[in-house]
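Contents: one structure, followed by commentary.
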Amino acid sequence: MNRFILAVMLGLAFNTAAQAQVIGDADAGSAKTVVCAACHGSDGNAMLVPGAAKLGGQHEKYLLKQLQEIKNGDRPIPLMAGQLTNLNDQDLADIAAYYAAQETPLGVAQEAALDLGQSLYRAGNPDIGVAACSACHSPTGAGNAGAGYPALSGQDSGYTETQLRAFRDGSRNNDVSEVMRSLVGRLNDMEIQALASYVSGLRSE
C-alpha cells in the first residue's frame, strides 16, 4: 500500500512540474474556444454532440493535462482528432483556464441507481478492494484541484459511464499510476452505471 501511495504522489509531482511552466489566461482562452463550442457549447456545458464531455467549472490543472494528452496521443479521442494539432501549450493553458472559469453544470441522478451509486461512491466495496470514490473526488463530487483529480458533479452520466468502461477495459490509460484502471476494473456493468448516474446528481457547492 505504501508503494502504491508513493507512486501516486510521484506521478502527481511530475505532472505538476510539467504543467507549472504555463499559466493560462481565461480571457485569451475565450477566443480560442470558438471551434470547441461546436461540440461543447460556448460555456463548455451544452453537449451539442453525443459523447462530448461537460467542461464548465472543471479544474484547470486537470483540463490542461487532458488537452495535452489528447494532442500528443496519450488519450485518443476520435471526435477530437486534429482539433488541437496547431495549438501550443499556451493555447491549451488558456483554453483550460477559460473552461475552468465557467459555471459548474447540474445533473440529475436516476432514482433506481441512488442506493448502489451512493454506497460505492461514499464507501467503496471492501469485499473486492474498491476504495470510496469520494476519497479522491470529494464527498460532493468537487474533485481535488491541487491533486489534479477531476470534478464529477453534474457530468453527463453517459459520458462518465463511457469513461469508466474505458478505464476498465484499458482503452483509456492516462490515469496516474493506474489508479482508475486498478479500481474500476473490479466493477461490473450495473455498478458502473449506478456510479455514473449518482455522480451526475451530486452538487459541488
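Scope of the values below: all heavy atoms of this structure, side chains included, with no hydrogens, waters or symmetry mates. Here, residue 1 is the first one in the sequence, and each next residue gets the next number.
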Kindly give the heavy-atom pair with the smallest separation between A196 and E161, and that separation in Å.
CB-N, 3.6 Å
Correct closest heavy-atom pair for H137 and P150 would be ND1-O, 2.9 Å
Short side-chain to backbone donor-acceptor contact, [X] and [Y], under 3.5 Å:
{"X": "S157", "Y": "S200", "answer": "no"}
{"X": "Q58", "Y": "A151", "answer": "yes"}
{"X": "D43", "Y": "Q102", "answer": "no"}
{"X": "H40", "Y": "A53", "answer": "yes"}
{"X": "K61", "Y": "G146", "answer": "yes"}
{"X": "R172", "Y": "P76", "answer": "no"}
{"X": "T33", "Y": "S30", "answer": "yes"}
{"X": "D91", "Y": "K32", "answer": "no"}
{"X": "R122", "Y": "P139", "answer": "yes"}

So, taking the atom named [atom1] in [X] and the one named [atom2] in [Y], what distance separates them when rounded to the nearest 0.5 Å?
{"X": "I23", "Y": "D94", "atom1": "CD1", "atom2": "CG", "answer": "11.0 Å"}
{"X": "T160", "Y": "Q193", "atom1": "OG1", "atom2": "CD", "answer": "12.5 Å"}
{"X": "Q68", "Y": "L63", "atom1": "CD", "atom2": "CG", "answer": "11.0 Å"}
{"X": "I95", "Y": "E60", "atom1": "CD1", "atom2": "CD", "answer": "12.0 Å"}

Salt bridge present between K71 and D89 (N-O < 4.0 angstrom):
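Salt bridge: no.
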Are side-chain heavy atoms of [X] and [Y] found at a separation under 4.5 Å?
{"X": "T140", "Y": "S153", "result": "no"}
{"X": "V199", "Y": "Q155", "result": "no"}
{"X": "N144", "Y": "H59", "result": "no"}
{"X": "C133", "Y": "L195", "result": "yes"}
{"X": "L187", "Y": "V130", "result": "yes"}
{"X": "L120", "Y": "Y198", "result": "no"}

More than 12 heavy atoms from other groups under 6.0 Å of CG on D115:
no
Would the number of heavy atoms belonging to other residues, nucleotides or ligands and lying under 6.0 Å from CG of N72 be above 12?
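Result for CG/N72: enclosed.
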Output, in order, the C-alpha distance, side-chain angles, deciding distance and verdict of salt bridge (Lys or Arg N to Asp or Glu O under 4.0 Å) for K65 and D74.
CA-CA 10 Å; K65 178 180 184 291; D74 287 342; over 6 Å; no
